[in-house]
Structures are given as structure tokens and as C-alpha cells.
There are 2 protein chains.
Amino acid sequence: MQKQPTIRDVAQAAGVSVAVVSRVLNPGSGPVAAATRSRVNDVMKTLGYHPRTAARELKFGPPTTLGLLLADVSNPFFARLADQVVQEAHARGIQVLLMTTQEDDQLESERLATLIERRVSGIIATPTGNNLAIWKQLQDLGTEVVFVDRSIPSLPEVDVVSIDNFESARSATALLAAHGHRRIGIISGPAASTTGRDRIAGYRQALETAGLEQDELLIRHAAFRGPAGGDAASALLNIEEPPTALVVANTAQVTEVLRRLSHAGIDIPGTLSVIVFDDSPWTELMTPALTIVRQPIDLLARHSVQLALSNTQGKRSGKPNVIRVAAELVERSSVARLQFSK
Amino acid sequence: MQKQPTIRDVAQAAGVSVAVVSRVLNPGSGPVAAATRSRVNDVMKTLGYHPRTAARELKFGPPTTLGLLLADVSNPFFARLADQVVQEAHARGIQVLLMTTQEDDQLESERLATLIERRVSGIIATPTGNNLAIWKQLQDLGTEVVFVDRSIPSLPEVDVVSIDNFESARSATALLAAHGHRRIGIISGPAASTTGRDRIAGYRQALETAGLEQDELLIRHAAFRGPAGGDAASALLNIEEPPTALVVANTAQVTEVLRRLSHAGIDIPGTLSVIVFDDSPWTELMTPALTIVRQPIDLLARHSVQLALSNTQGKRSGKPNVIRVAAELVERSSVARLQFSK
DNA sequence: AAAATAAGTGGAACCGGTACACTTTTATGT
DNA sequence: ACATAAAAGTGTACCGGTTCCACTTATTTT
């Protein structure tokens, strides 16, 4: 465990001033003779010198770190989002500080405090929906905030990148209606979440277009965490006139719902057709292969990173960017055509 | 976009010196009158002051950041590991810088360079197996390095946390043998990886104990990324005397293998019994429910974080910590008992 | 009541880089 | 050759915290 050499050690060993070493470190910041440059480089190598990021950051709040604040990473959707964000960021030489909220606004506020102290240049987040004041403060501080997947309606000035939740739920529901289903259930996210609400709205629109009756018993909001999805599924199965088709629009609860259906001995798609919002490779391996709504995670990630880094300064003038990317409905075998419905 | 207040702004507004403000910021670093303290706190609040981590870090390389260097996060195993590591770290007030290597040693070395410059206090990594010199350098610099899941045999002085790969593959194979299988195939990780090798070794041991012949044709190493697993599965199916049972010991390739088996019209467990190393919730939902080897990811995470933070100083004396946690074999329905084998 | 001790505060050096203003060396033009 | 411009290199003040030390003002001890 040796003590770390500093730029002054390098300067001394190379027989030059620290300014020259700094120039070698930052090409383009000033002229250095080729011979000197290589000599300094040699010294740095033999001394095992590495400039300290912390010292650099002190001068200017450098756009070299991004905060990624997700609900959790065990959810494959967020995991893949994190993976893509990290890759995108690395491609731009940016590092990612990963944090999770567990959907807990108290934890969220703590994480945000840390991110403020670190003076990250941007934050990509799936907000819990609270902590309005902190989000506002962050923007005032000049931190670029991008909400991904969800948003907070009362913070309209924040950039948002998400899929078109309304349209994706609408088209999934429309597909079921087109297959003759008249009792279509939906399990979505919490009513407080934009994704939860927008998807329900799309669902309602599809029913209306298809001329189907809207039954509030068929609409369930489930929390993102815990067994909420399974409970919602059970509840749905036990109503007087149970659905013949189900849209699972809460990605975090897909496996919970399927587990419950399986335990209940439900035949898919025989007694219940299913469409899920989830693009896990496993969905294709199920029996039957599940019809899914696929979210273009790579696009979400790319746009998020881009926004989080673009607005580095200025530009906070105009209206916020709202990017909606289209989700893809992938038809497989979990939706049955109802013959005798009329 | 206001400009950020500094400690001097706070001091001036509160009518005290910066030293006092600093003491308020770091309780226990010196005496402050209660009245002064609350006055300073008020000023900090109204000014919206947040101390800059970068400035703090300049004084001492503070153990406030951990590097987490994984192959990728789209793999659910690593995703859940990342999730747990982040939670463990947060519980200790530590932040996590997430990086991915894509199993590419060039990328790995770049990420490591960044981590050195950031002076992180510890690194938890799934090493590609190269960059020996850099890993050594990191240790010399006093950075605590912990390999998780895999290790590098030629770096025996690095701490390692993993499951008992040998034993878990042995017991899975033994289970198959006990069910009467005599032709048991295995698809593991690359021969260059410790997990790949150790699991094969456990497999061989089980065969030997069961008195079964070892056929090299039944042993396949597959890369962690790409279609390698699927290809290995196809190859295995097409040998002269194909296996009646298969251990998929390469977690990253499980879905690839299953996809190939499915496309080939293989009946599980009718014509092929299967045990996979993967604890995804989906494995239970498959038809049939898959028998799995479950890795205790929370334990891996907890021990890794603990080691990465414990050795902060001193202690580099003794021999490295090697922690092996037991994996759990969860029997479900993808293994058939062979009746007529003799 | 004098001396010793403790509490509260301020001044300034320092951490390790960056960058500006400036001096010295080398190259260029006629 | 000589003036002049460009290139190379140096000194040093920052950035925003922390901390050591000196100093002043209470509080306690005997």
C-alpha cells in the first residue's frame, strides 16, 4: 500500500512544472514539446500516477457523472434499462451512480440529497411521485432531470421519456376485443402512477371503440411491489362474471399474476386469454408462448441519456422535452379467438 | 439556474467563520454553541446550501464510493446482485458506481482506469480473467478488491465471494444419476472461467461416484454471451447417443438453451430431463416447472459489500478471504425417473 | 480571588488538480 | 543578422471544503 503520487511528484520527477504535466494530461489545453510529453508520460507510468477525479471536479461541476435513480434493479425491465443507460453513458465517457428507491419516497429524498452533494450533471429517474420540492430544487440548481418510464403530472417542466402507455394498452385491449372478448380485465400500476393511469385510459378507449361495456370490477390497480398483482388476479377470477381475457399492464407484477393463475388451475388461453407488458426472454418459452407488449428499452435509454447530457447548460428556456416511443405488440399464442360470443 | 452557495456564503450570511460552519456540517469535529448551530442550520436551509462531495473527497480518499463492475446487468443474476449490492451499500451510507464490461477485457481495463482515478475505496467485480496487472496495481494502491461469482486463479491474493460451484454441480448431477440417468450432458461457462471449470469438475465427480462413464461429447463449454448456449444444446442433441438429462450450468445461457430445445421439439422431461442454474421467477412458471440450482444472491451481495468495506485499512496482512456460500437445489418437475435404464 | 480548565470562535494552510498571466526559448521572414 | 512571432515552459491563484492552532471568553477548581 504505497502512498499515491500527485501531479507535483510527477512534475518534479520529470523536471518540469506542474502546469506542463497538466497540459500533458489534458491535450489541447496548451503546447507541449513532443519530447517533454513523452518524458512526462514515462514518468507517470513508472510512478503509477493517476489524476484524481475529485480534484478535477473541484474546479468545475463537470458533466462526468450521471445519477440513475430506479425503483429497483431486480425487476428485469429496470435492469435492462440500467444496462442500456450504463452502456450509453460509457460510450460518452460518463459514469453512472446507481441508486434505488424501493418505491419509498423517504429513501428517494435521501438519494436525491446525495446526488445534490455530488453535483451530478444529470439524473435519470423513475420518480415515486413525491418529493416535489426536491425535484424543483434540482432543476433550479441546473441539474438536468429526466423522468423515464413514468412522470409526475404536477411537474410538467421536467423532461420525460417513456413509451406511449395509452396507445400500447389501447392496442392490446383492442386486439382482445377483435378476438371476440367482451369481458376484458386489466391489472395496471397504482392509480397514483402515470403509467398506471395512462394504461387504464387506453384500455377504456379501446373498450369504447369496440362498443363494450366498462365494468369497474374488471379494472385493478396493483402496487409495484409485493403480492398485489397476485391478489388482483385472484379478485378478478372470483367476481360474478369473470373476464375471458386479461391485460397485465403492470410489468413488475407479471410473474406474480401468472403464478396465481397457474395455482388456480387456469388454462391459458382456454379459459383466459392473456397479454402481458413484459419482454423477458422467458415469455416466449412459456406454454403457451405469451403475447406481449414489448418496450423498446434501448430507445428509452438512449433518449434519456441524451437528454440528461444535452441540456448541460442554457436551453432550460423552452418547454421540456417529452419523448414517447412506440411499444410493440408481439402476438404469440396466449390469446384465443372466442367463437360463440355474441 | 442560480449559482451554488459555498461554505463561505453560509459563513458570511450567518456571521461566523467557515470553520464554524464546517463544524456544524461535521458534528463531533469540534464545539459549537447550540444557538450558533441552529442559526447556521437555518442559513443553510434558506440558502439551499449543500456541501460538495468533491471538495470533501479532496482531503482524504473517503470510503464513500464503491465500484461495481459486472459483465452486464441485463442478465437477471447480475441484476439482482446489483440490486442487493446497492441496497447493502446504501444501508452503510455508501454509493455505488455501476460499470459493465460486456465480458470484454479491453472495456474492463478502461473501466478500471476510471475507478482508479475516482479513488473508490473498493471494487466488487466479476472479472473477465485478464488485466492481471491492473488488478494487482489496484491492490497495491490500497483499493479493496472483491471478486464475486468468479475469480482469477493466478490472482490468489484477492478476496472471493461465490457459491460452491463444485458442490452445486455435483449435487445436481448426482440427482440426475439417482433418477437413473446414465447419459448426462452439461453446458457450462467458458473453460477459461472458474465457474465454468469448477462446475464441470463437480459434474465429473458425481459421475465417478455414480460409476458412470465420462463422455467428453457430453461436456460443453459455452461463452456467456451470444448464441453459444443454443449451439451447444443443438450439438448435444445431435451426437450419436444423445443425453437423457442435461445440466445447464451457464446461467447466462439458460434461456438460449431452452429456446433451442423448444424449437427442436424436445419434450421435457419426457425425452430430456433438465436442471438449470437460474433462480428466475419464470422457472417456476414453465411447463413443466424447472428444477433449479438457486444461488443465494443476497448472501453473495452482503458478503461482498462487507469485504469491500472492511479492509479499508490494515488487515491486508493475512491471507485473502474466500467465502463460499451454498447453493440450493430446488426440485420441481423437469427431471424424470428413468424406469428401463439398466 | 487567582489559577486552571473548558468552550466557542476565527485565521490560514492544505488537499490535487486547472488555467491564467507571464517569461524564456525556438522558429520564421526578409 | 535582426526583428518578430510562435512555441514551450513557469509561477501561482484559484476551486470548496477540512483541520490545526491561536485566541478570547466562560466556567470550574481550590
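Below, each value reflects all heavy atoms present in this structure, side chains not excepted, and no hydrogens, waters or symmetry copies. Proteins get letters first, then strands, A, B, ... in listed order; numbering begins at 1 in each.
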Could you list all N or O pairs between the protein and nucleotides 23-29 of chain D that sit under 3.5 Å apart?
none

Exercise. Starting at CZ of A:Arg56 and ending at C1' of D:dC14, how long is that distance when rounded to a whole Å?
Worked result: 17 Å
Exercise. Between which nucleotides of DNA chain C, read 5' to 3', does contact with chain A run, using atoms under 4.0 Å from its heavy atoms?
Worked result: C:dG16 to C:dA21
Exercise. Of the residues in residues 33-41 of chain A, which ones touch DNA chain C at a heavy-atom distance under 4.0 Å?
Worked result: none
Seminar exercise, completed: Nearest heavy-atom approach of B:Gly48 to B:Pro5 is O-CG, 3.9 Å
For this session: Take the protein atom CG of A:Leu58 and the nucleotide atom P of D:dG17, then report the distance between them rounded to whole Å.
Result: 9 Å
Exercise. Bend across the helix from C:dA1-D:dT30 to C:dT30-D:dA1, to 10°, with axes taken over 5 pairs at each end?
Worked result: 20°
Exercise. In Å and rounded to the nearest 0.5 Å, what is the CD to CZ distance from B:Glu57 to B:Arg118?
Worked result: 8.5 Å
Exercise. So with a 6.0 Å cut-off around CD of A:Glu117, is the heavy-atom count from everything else above 12?
Worked result: yes
Exercise. In Å and rounded to the nearest 0.5 Å, what is the OG1 to CG distance from B:Thr114 to B:Leu69?
Worked result: 10.0 Å
Problem set entry | Flag, side chain of B:Asp159 to backbone of B:Asn321, donor-acceptor distance under 3.5 Å | yes
Seminar exercise, completed: When rounded to the nearest 0.5 Å, the distance separating CG of B:Leu132 from CD of B:Gln137 is 13.0 Å
Seminar exercise, completed: Which of B:Lys136, B:Gln106, B:Glu108 passes side chain to side chain donor-acceptor pair (under 3.5 Å) with B:Asn131? Answer is B:Glu108
Exercise. Mind checking what makes side-chain contact (heavy atoms from CB on, under 4.5 Å) contact with A:Pro27, not counting sequence neighbours?
Worked result: none
Exercise. Is a side-chain N or O of A:Arg23 found less than 3.5 angstrom from the main chain of A:Gly28, in a donor-acceptor match?
Worked result: no
Exercise. Would a distance-only check, ignoring hydrogens and angles, find a side-chain to backbone donor-acceptor pair under 3.5 Å from A:Thr128 to A:Glu103?
Worked result: no
Exercise. In residues 18-28 of chain A, what residues come within less than 4.0 Å of DNA chain D, judged by heavy atoms?
Worked result: A:Val18, A:Ala19, A:Val20, A:Arg23
Problem set entry | salt bridge (Lys or Arg N to Asp or Glu O under 4.0 Å) partners for B:Arg8, two or more places apart | none
For this session: Name all residues meeting the salt bridge (Lys or Arg N to Asp or Glu O under 4.0 Å) criterion together with B:Asp9; count only those two or more places apart in sequence or in a different chain, and write none if there are none.
Result: none
For this session: Report which part of the nucleic acid B:Pro51 touches: base, sugar-phosphate, or nothing (heavy-atom distance under 4.0 Å, all strands).
Result: sugar-phosphate
Can you give the donor-acceptor pairs under 3.5 Å from side chains of residues 76-94 of chain B to other protein atoms, not counting sequence neighbours?
| unit_1 | atom_1 | unit_2 | atom_2 | d |
| --- | --- | --- | --- | --- |
| B:Asp83 | OD1 | A:Val73 | N | 2.9 |
| B:Asp83 | OD2 | B:Gln87 | NE2 | 3.2 |
| B:Gln87 | NE2 | A:Gln102 | OE1 | 3.3 |
| B:Glu88 | OE1 | B:Arg92 | NH1 | 3.0 |
| B:Glu88 | OE2 | B:Arg302 | NE | 3.0 |
| B:His90 | ND1 | A:Arg111 | NE | 2.9 |
| B:His90 | ND1 | A:Arg111 | NH2 | 3.4 |

Exercise. If you look only at pairs with a residue in residues 6-53 of chain B, which of them pass as a ring-ring contact (aromatic ring centres under 6.0 Å, His included), with sequence neighbours excluded?
Worked result: none
Problem set entry | Whole-Å gap separating C1' (D:dT19) and CD1 (B:Ile7) | 11 Å
For this session: Could you tell me the separation between the CE atom of B:Met44 and the P atom of D:dG17, rounded to a whole number of Å?
Result: 11 Å
For this session: Measure from CG on B:Leu47 to P on D:dG16 and round the result to the nearest Å.
Result: 14 Å
Exercise. Given atom CZ of B:Arg8 and atom P of D:dG17, what is their separation to the nearest angstrom?
Worked result: 8 Å
For this session: Quick one: which residue pairs count as a ring-ring contact (aromatic ring centres under 6.0 Å, His included) with a foot in residues 126-154 of chain A, not counting sequence neighbours?
Result: A:Trp135-A:Phe147
For this session: Check salt bridge (Lys or Arg N to Asp or Glu O under 4.0 Å) between A:Arg37 and all other residues, then give those that pass, not counting sequence neighbours.
Result: none
